[in-house]
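Naming convention: chains lettered A, B, ... in sequence-line order (proteins, then strands); numbering from 1 in each chain. Just so we're clear, the structure is a prediction, and the values are computed from it rather than from any experiment.
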Amino acid sequence: MRNNSPSELPLYEQIYNVVRQIPPGKVATYGQVARIVGKCTARMVGYAMSALPLQSDVPWQRVINAQGKISPHGDGIGTLLQRQMLEAEGIVFDSQGKTELDRFGWHGI
DNA sequence: CGGCTGACTCTGG
DNA sequence: TCCAGAGCCAGCC
């Protein structure tokens, strides 16, 4: 097993590790991921996501803000792409671009 | 080694 | 309901 010693892994990698655990069709908030990692804040998660390319092994698209909405980032291309990918997974957005965390929110493992 | 940047969240008005 | 400010930390140049 890859030593699961998180202390040896960079914080960003720990965050990515948690994000990879989010199952398809579900979404998690930055704060939620931060809470699972237990040693970083919601901002750290957002910063870590920004360091990821649009195409990566990490389902960064499933990470949204506490309002259940997608935070605008980049030129907006990534934001729109995120919404499209989430819709492709079955996530539904209302006219406000908001999703129901109560229904699609990830509860953790 | 110093400084800058960044996809959040909360509270108050 | 919307706007503004503060707190927070790691990675990169």
Student: Can you tell me the distance, in whole Å, between the CG atom of A:L52 and the P atom of B:dG6?
Tutor: 16 Å
Student: In whole angstrom, give the distance that lies between atom CD1 of A:I70 and atom P of B:dC8.
Tutor: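 About 12 Å, once rounded to whole Å.
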Student: Atom OH of A:Y47 and atom P of B:dC8: how far apart are they, to the nearest Å?
Tutor: 7 Å
Student: For A:W60 versus A:L52, what's the shortest heavy-atom pair and its separation?
Tutor: CB-CD1, 4.2 Å
Student: Please report, rounded to the nearest Å, how far the P atom of B:dA7 is from the CE atom of A:M85.
Tutor: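 Taking atom P of B:dA7 as the reference, CE of A:M85 is at 16 Å.
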Student: Just the rounded figure in Å: distance from P of C:dC8 to CG of A:L11.
Tutor: 16 Å
Student: Would you kindly give the CG-to-P distance between A:L81 and B:dA7, to the nearest whole Å?
Tutor: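 In whole Å, B:dA7 P lies 16 Å from A:L81 CG.
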Student: Looking at every strand, decide which applies to A:S50 at a 4.0 Å heavy-atom threshold: base, sugar-phosphate, or nothing.
Tutor: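 Since a base atom lies under 4.0 Å of A:S50, the category is base.
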Student: So, does A:Q61 use its side chain to make a donor-acceptor pair with the main chain of A:L86 at under 3.5 Å?
Tutor: no
Student: Counting distance only, does the side-chain N/O of A:T99 pair as donor-acceptor with the main-chain N or O of A:V92 below 3.5 Å?
Tutor: yes
Student: For nucleotides 3-5 of chain B, print each protein N/O atom paired with a nucleotide N/O atom at under 3.5 Å, atom names and distance only.
Tutor:
none

Student: A:M44 has an atom CE; how far is it from atom P of C:dG11, in whole Å?
Tutor: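 In whole Å, C:dG11 P and A:M44 CE are 9 Å from each other.
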Student: Write down the atom of A:M49, the atom of A:I15, and the distance for their closest heavy-atom approach.
Tutor: CE-CG2, 4.0 Å
Student: Taking all non-hydrogen atoms of both residues, which atom of A:V18 and which atom of A:V37 are closest, and how far apart?
Tutor: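 Closest approach of A:V18 to A:V37, heavy atoms only: CG2-CG2, 3.5 Å.
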Student: Quick check: closest heavy atoms across A:Q67 and A:K98, and the distance to 0.1 Å?
Tutor: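 Nearest pair, atom of A:Q67 first, then A:K98: O-CD, 3.0 Å.
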Student: Please determine, for the side chain of A:P10, which listed nucleotide (C:dG11, C:dC9, B:dA7) has the closest atom?
Tutor: C:dG11
Student: Looking at A:Y16 and A:A48, would you say the former's side chain and the latter's main chain have a donor-acceptor pair under 3.5 Å?
Tutor: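 At least one qualifying donor-acceptor pair exists.
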Student: Using every non-hydrogen atom in the two residues, find where A:C40 and A:V45 come nearest and quote the distance to one decimal.
Tutor: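 In terms of heavy atoms, the two residues are closest at SG-CG2, 4.1 Å.
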Student: Using Watson-Crick or G-U wobble geometry with both distances below 3.5 Å, tell me the partner of B:dT11, or none.
Tutor: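 C:dA4 is the nucleotide pairing with B:dT11.
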Student: Is A:E89 paired with A:R62 through a side-chain N to carboxylate O contact shorter than 4.0 Å?
Tutor: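 A salt bridge links A:R62 with A:E89.
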Student: Without decimals, in angstroms, what is the distance between A:Y12 OH and C:dG11 C1'?
Tutor: 5 Å
Student: What's touching nucleotides 9-13 of chain B from the protein side, N or O pairs under 3.5 Å?
Tutor:
{"unit_1": "B:dT9", "atom_1": "OP1", "unit_2": "A:A66", "atom_2": "N", "d": "2.7"}
{"unit_1": "B:dT9", "atom_1": "OP2", "unit_2": "A:A66", "atom_2": "N", "d": "2.9"}

